[in-house]
Protein chains: 2
Amino acid sequence: MKSWRMAFNLSLRVLQAFVELADCRHFTRAAERSHLSQPAFSQLIRRLEEDAGVPLFTRTTRNVTLTVEGELFAERARRLIADMQSSIADLRDHATYRKGRVAMAALPSLSADLIPRAFAAFRRSYPTITLELFDRLSDGCLELVRRGRVDFALTAPGPRLHEFDSAPLRSEPFYFVCGARHPLARRRRIRLRDLWGLEMIHMARSSSVRQHLEPVIAKAGVLDSGIEIEQLATLAGLIASGLGVSLVPELTLFQFRRRELAVIPLEAPELTRPLLLVRRKGVALSRAAEAMLEVIVEMLPGAGRASARRTSAAQASG
Amino acid sequence: MKSWRMAFNLSLRVLQAFVELADCRHFTRAAERSHLSQPAFSQLIRRLEEDAGVPLFTRTTRNVTLTVEGELFAERARRLIADMQSSIADLRDHATYRKGRVAMAALPSLSADLIPRAFAAFRRSYPTITLELFDRLSDGCLELVRRGRVDFALTAPGPRLHEFDSAPLRSEPFYFVCGARHPLARRRRIRLRDLWGLEMIHMARSSSVRQHLEPVIAKAGVLDSGIEIEQLATLAGLIASGLGVSLVPELTLFQFRRRELAVIPLEAPELTRPLLLVRRKGVALSRAAEAMLEVIVEMLPGAGRASARRTSAAQASG
DNA sequence: GTCAATTACGTTCTCCGTAAGGATG
DNA sequence: CATCCTTACGGAGAACGTAATTGAC
């Protein structure tokens, strides 16, 4: 079905060969530099000239020079070669993690410790990739994903999650935190019913932890201290001062590892915070973002499962 | 002997296919638009991705989208395609005389009549080619050629002619010009000996005609009027007024075709002015310049000989 | 006579099309 | 089950290398 005249298929190789000959004006040498036999090289130039419709060189067996048209084309050919090579280099740089950008959003609890450590590890492996981080509450994370401002978000379930591709990364267990002198401070494990009647300090209602905790603790019969704070550090300080106790997810524990505090695993399988990887629907991650995700997953407590790392295209939408 | 890793040979066809798919995100349609079978198209994209080292599309059987790397490459690919096509178009335009430039130098005698007519004819055939003309005396013509300012010159032999490629275009016969009432005005032919004792008006000594004439007329025993003029029109006026007679080469006759003047062929085979085509040594003419030369040769009196039109590379240097 | 480009020719390999296979909605 | 991408395979043509030829100095 190639009924019509086949179009001129200019290629990088041909351009390079042409410029090589334009430079050294010697078929045999130019052929060597192009890693071709001299006749093959000769044929290549001939075909180029046929396609062009005009001789590009004048040759006697002793002398090879560019024609006027050849000179003009040589200028453009050099530009084209440079542009093509730069495009290829750019593509390869992205393929080999020498170029790229990862933008992500994450809950403040993750952004304070896990993500910084992940960034540090990532940068060691891929020092030239640009990194961006937005620490936002759940809604903010989702909004950034929706707008395409970030490649992905690490966040808790939120409203309108069905608009995204989301996959559970991990289910995070909760820990009970109290002052070191608290009656429960020496316990090895805590159950929900142990909390009955305790005065509890909560995170602000806007936080995903609080939203997740709310229905459960309502049934557990804990007393609400009335204090609502936004920063984990504040929470730690309040507990250290004996003003109450709290439940916090595992990834925030770095804030509570202080002598004045006791941190005890909560045995409540039904009370875990799902940590989601959220992305735009149907949009693949960049290579750099994939690599970042890999680093993060490796760094999560209880790593080793490969399931969350299969990020190709198949997801359970939330 | 292709021992090493074959380099990435990006070609226009591949880029076009890639952009086609990036645009319509549908293998079957993109394949059709690229005039390829769908599997062949698929393979082409796969090879491109292999060379790139990174997937450019994410495909489910139902959905094809660009990856981040694909988006980046698509931008550059569009630019590359445009640049390549423009380069090809430019080359083809030169090949088909839609673009180009002819710069030439010629003696004033030729520049007044022959060249303007040649330019007019040339422009009818190739209206978009830029034309440049320098009307200079012999030395000026050669200097312009030497500096590469013009493609070629039409001039008389001059000093240091060996520096150039020169080829005789034509040997121009001389004509005797006198007033209509001059005793010789009715003659059909004039011989050199007929000029004995006549008062003659010459062109300035700097003119090639004068230089060529000088040794011959010295022997012919003519009287020098003492007038030296630079413009042919002045010469014509002086002769018309009966102040003398002159010998002029054929291509200047357009200035002397007036009722008050008689123009008579001079029978003196030894007295002809060679008209040379002079070019830089070893530099081929542009396609446009070749075409111009062809037009000029056709227009020369006594055209039809193809000898002077073979301008390839072989010349007798002067 | 030597060096250098072209032509001739046989081989290899790329690239394409047809046909079968597999996944998705 | 219909659509659409991929894999498999066989053939046509492009491109390459070796060898012979032509041409310039």
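Every heavy atom of this structure was used, including side-chain atoms; hydrogens, water molecules and symmetry mates were not. Quick note on labels: first sequence line is chain A, next is B, and so on, each numbered from 1.
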Identify the heavy atoms of L10(A) and M84(B) that sit nearest to each other, and give their distance.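 That closest heavy-atom pairing would be O-CE, 3.4 Å.
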Minimum heavy-atom separation for A156(A) to L276(A), with atom names?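 Smallest interatomic distance, heavy atoms only, reads C-CD1, 4.3 Å.
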Contact under 4.0 Å: [X] side-chain N or O vs [N] OP1/OP2:
X      : N       : answer
R13(B) : dC16(C) : yes
R59(A) : dT6(C)  : yes
T28(B) : dT3(D)  : no

Between [atom2] of [N] and [atom1] of [X], the distance in whole Å:
X      : N       : atom1 : atom2 : answer
R25(A) : dA4(C)  : CZ    : P     : 15 Å
E50(B) : dT6(D)  : CD    : C1'   : 13 Å
H35(B) : dG17(C) : NE2   : C1'   : 16 Å
N9(B)  : dA15(D) : CG    : C1'   : 12 Å
L44(A) : dC16(D) : CG    : C1'   : 11 Å
F41(A) : dA4(C)  : CZ    : P     : 15 Å
L21(A) : dA4(C)  : CG    : C1'   : 13 Å
Q43(B) : dC4(D)  : CD    : P     : 21 Å

Within the 4.0 Å heavy-atom criterion, would you say L36(B) contacts the bases, only the backbone, or no part of the nucleic acid?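 The residue L36(B) makes sugar-phosphate contact but no base contact.
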Give one of base, sugar-phosphate or nothing for R47(B), where a contact means two heavy atoms less than 4.0 Å apart. sugar-phosphate
For the helix from dG1(C)-dC25(D) to dG25(C)-dC1(D), what is the angle between the axes at its two ends, each from 5 pairs, rounded to 10°?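 Roughly 30° between the end axes, to the nearest 10°.
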Please say whether more than 12 non-hydrogen atoms of neighbouring residues, nucleotides or ligands are located less than 6.0 Å from CZ in R101(A).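 Counting other residues, nucleotides and ligands, CZ of R101(A) exceeds 12 neighbours.
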Looking only at the aromatic ring of each residue, does the gap between the centers of F18(A) and F57(A) stay below 6.0 angstrom?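 That pair passes the under 6.0 Å test.
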Output yes when a side-chain donor or acceptor of [X] lies under 3.5 Å from a complementary backbone atom of [Y], and no otherwise.
X       : Y       : result
R287(B) : A95(B)  : yes
E49(B)  : L56(B)  : yes
D151(B) : A103(B) : yes

Scoring nucleotides 18-25 of chain C by protein non-hydrogen atoms under 4.0 Å (B base, S sugar-phosphate only, - none) yields BB---BBS
Atom CD of E32(B) and atom CD of Q38(B): how far apart are they, to the nearest 0.5 Å?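 E32(B) atom CD to Q38(B) atom CD measures 10.0 Å (nearest 0.5 Å).
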Side-chain donor-acceptor pair present, T58(B), T67(B), cut-off under 3.5 Å: no
